[in-house]
Undergrad: 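Attaching a single structure in structure tokens format; questions to follow.
Quick note: numbers below take in every heavy atom, side chains included, and nothing from hydrogens, waters or symmetry partners.
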Amino acid sequence: MIEIPSDLHPSLVPLAFLLGTWQGAGVADFPGNEACNFGQEATFSHDGRDFLEYHSRSWRLDAEGKRLDPLEAEHGYWRIKERQIEAVMIRDQGVAEVWYGELAEGKPQIDLATDAVARTGASPAYTGGKRLYGYVNSDLMWVGEKATPEVPLRPYMSAHLKRAVDPREFVADIKDLPDDGIAFFR
């Protein structure tokens, strides 16, 4: 079920399915980089203004699913007018992007493509990308495509994320919670 916060800016109601913190895993594979499984946490939040704030971080996973080194992090702002979406994102690799896209008619699916890319001198080669986000059976799934001067646009990352649960939500519903945390189990 998708909840719409009472203080959500009216223009953002079509994007309410994105709100919250999402956690999960995916695969990354792009020429010149070692293919890997990765973990991800992404958060979409709002403060009542006409944009969603977006933050994502990912890390490599070993064969047993244990966290290794950081993979990517990005931060951005998403707006929507009717079904047209614009997003501005900054990546830890020294890349700033402007994305434009559209919310699908009648379903929670978003297609985005880069319109502008700016890179620092230290950033890796990158010329643009596309992304597809979908809300499927209460999960958030996405696939990203990337292009460089040497490699034409191709898929490079995808993930399946589940909404993270904040334990504070459960605690609020428990009556007479013991102070020491042990008495609860006696």
Side-chain angles (χ1 to χ4, degrees), residues 2-3 15-47 51-78 87-97 99 108-112 114 117-148 150-151 153-172 174 181-182 184-185:
I2 298 172
E3 292 186 30
L15 298 180
F17 70 93
L18 292 171
L19 288 172
T21 297
W22 301 86
Q23 298 172 332
V27 295
D29 186 15
F30 196 77
N33 297 321
E34 184 180 343
C36 69
N37 291 326
F38 68 90
Q40 181 182 16
E41 180 175 276
T43 300
F44 289 88
S45 59
H46 74 97
D47 64 7
F51 58 85
L52 293 182
E53 185 173 358
Y54 164 74
H55 180 74
S56 172
R57 60 190 177 104
S58 60
W59 50 90
R60 293 177 203 284
L61 297 173
D62 68 12
E64 286 79 44
K66 293 181 183 156
R67 186 182 295 209
L68 298 174
D69 55 318
L71 186 60
E72 288 189 357
E74 59 188 11
H75 192 96
Y77 301 91
W78 294 40
V88 177
M89 292 192 233
I90 303 292
R91 289 205 222 173
D92 62 345
Q93 299 170 337
V95 176
E97 303 160 296
W99 296 78
Q109 178 180 306
I110 298 168
D111 285 295
L112 294 172
T114 52
V117 174
R119 300 183 310 115
T120 64
S123 71
Y126 174 67
T127 56
K130 292 178 85 177
R131 291 194 190 174
L132 173 65
Y133 292 84
Y135 183 74
V136 181
N137 297 326
S138 300
D139 293 345
L140 184 62
M141 298 181 186
W142 69 272
V143 62
E145 297 180 50
K146 177 165 90 171
T148 70
E150 298 80 26
V151 180
L153 189 68
R154 71 178 291 278
Y156 83 105
M157 288 180 93
S158 62
H160 183 158
L161 309 176
K162 296 192 172 293
R163 192 178 304 275
V165 178
D166 184 346
R168 293 174 291 190
E169 294 176 23
F170 295 117
V171 171
I174 298 175
I182 296 171
F184 182 75
F185 296 101

Undergrad: I need the single residue from Arg57, Arg163, Arg67 that forms a salt bridge (Lys or Arg N to Asp or Glu O under 4.0 Å) with Glu41. Which is it?
TA: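 Among Arg57, Arg163, Arg67, the one meeting salt bridge (Lys or Arg N to Asp or Glu O under 4.0 Å) with Glu41 is Arg57.
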Undergrad: Search all heavy atoms of Thr114 against all heavy atoms of Gly128 and return the closest pair with its distance.
TA: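 For Thr114 and Gly128, the tightest heavy-atom pair comes out as OG1-CA, 3.2 Å.
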Undergrad: For Ala125 and Thr148, work out which heavy atoms get closest and say how close.
TA: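 The pair with the smallest heavy-atom distance is O-CG2, 3.3 Å.
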Undergrad: Please tell me whether Phe44 and His46 form a close aromatic pair, meaning their ring centres lie under 6.0 Å apart.
TA: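 That pair fails the under 6.0 Å test.
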Undergrad: Is there a donor in the side chain of Gln93 and an acceptor in the side chain of Tyr126, or the other way round, less than 3.5 Å apart?
TA: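 No.
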Undergrad: Do Ser45 and Leu52 have side-chain heavy atoms sitting under 4.5 Å apart?
TA: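 Answer no - side chains too far apart.
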Undergrad: Taking all non-hydrogen atoms of both residues, which atom of Leu61 and which atom of Ala25 are closest, and how far apart?
TA: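 Closest heavy-atom pair between Leu61 and Ala25: CD1-CB, 4.3 Å.
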Undergrad: Taking the ring centre of each residue, are Trp22 and Tyr133 less than 6.0 Å apart?
TA: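 Centroid distance Trp22-Tyr133: not below 6.0 Å, so no.
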Undergrad: Could you pull out the closest heavy-atom pair between Ser123 and Gly94, with the gap in Å?
TA: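 Minimum heavy-atom separation between Ser123 and Gly94: CB-O, 3.7 Å.
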Undergrad: Run the numbers on Thr43 and Thr21 for side chain to side chain donor-acceptor pair (under 3.5 Å), then give the verdict.
TA: CA-CA 4 Å; Thr43 300; Thr21 297; 3.1 Å; yes
Undergrad: Any salt bridge between Arg91 and Glu97, counting N to O under 4.0 Å?
TA: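 Result for this pair is yes, salt bridge flagged.
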Undergrad: First locate atom CG of Leu132, then atom CG of Leu112, and finally report the distance between them rounded to the nearest 0.5 Å.
TA: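 These two atoms lie 9.0 Å from each other.
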Undergrad: Give me the atom names and distance for the closest heavy-atom approach of Glu53 to Tyr77.
TA: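 The answer is CG-CE2, 3.8 Å.
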Undergrad: What's the spacing between Trp78 CH2 and Phe51 CZ if we round to 0.5 Å?
TA: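 One finds 14.5 Å between CH2 of Trp78 and CZ of Phe51.
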Undergrad: Within the 3.5 Å criterion, strictly below it, is a donor on Tyr156 or Arg154 matched to an acceptor on the partner's side chain?
TA: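 Result is no, nothing qualifies.
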Undergrad: When rounded to the nearest 0.5 angstrom, what is the spacing between CG in Asp29 and SG in Cys36?
TA: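 Those atoms lie 8.5 Å apart.
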Undergrad: Measure from the side-chain N and O atoms of Ser56 to the backbone N and O of Ala73, and report whether any donor-acceptor pair falls under 3.5 Å.
TA: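 No; zero donor-acceptor contacts below 3.5 Å.
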Undergrad: Closest approach of Ala42 and Tyr54, non-hydrogen atoms and distance?
TA: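 Residues Ala42 and Tyr54, closest heavy atoms: CB-CE1, 4.3 Å.
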Undergrad: Report yes or no: do Glu74 and His55 form a side-chain donor-acceptor pair below 3.5 Å?
TA: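 Per modelled atom types, Glu74 and His55 side chains form no pair under 3.5 Å.
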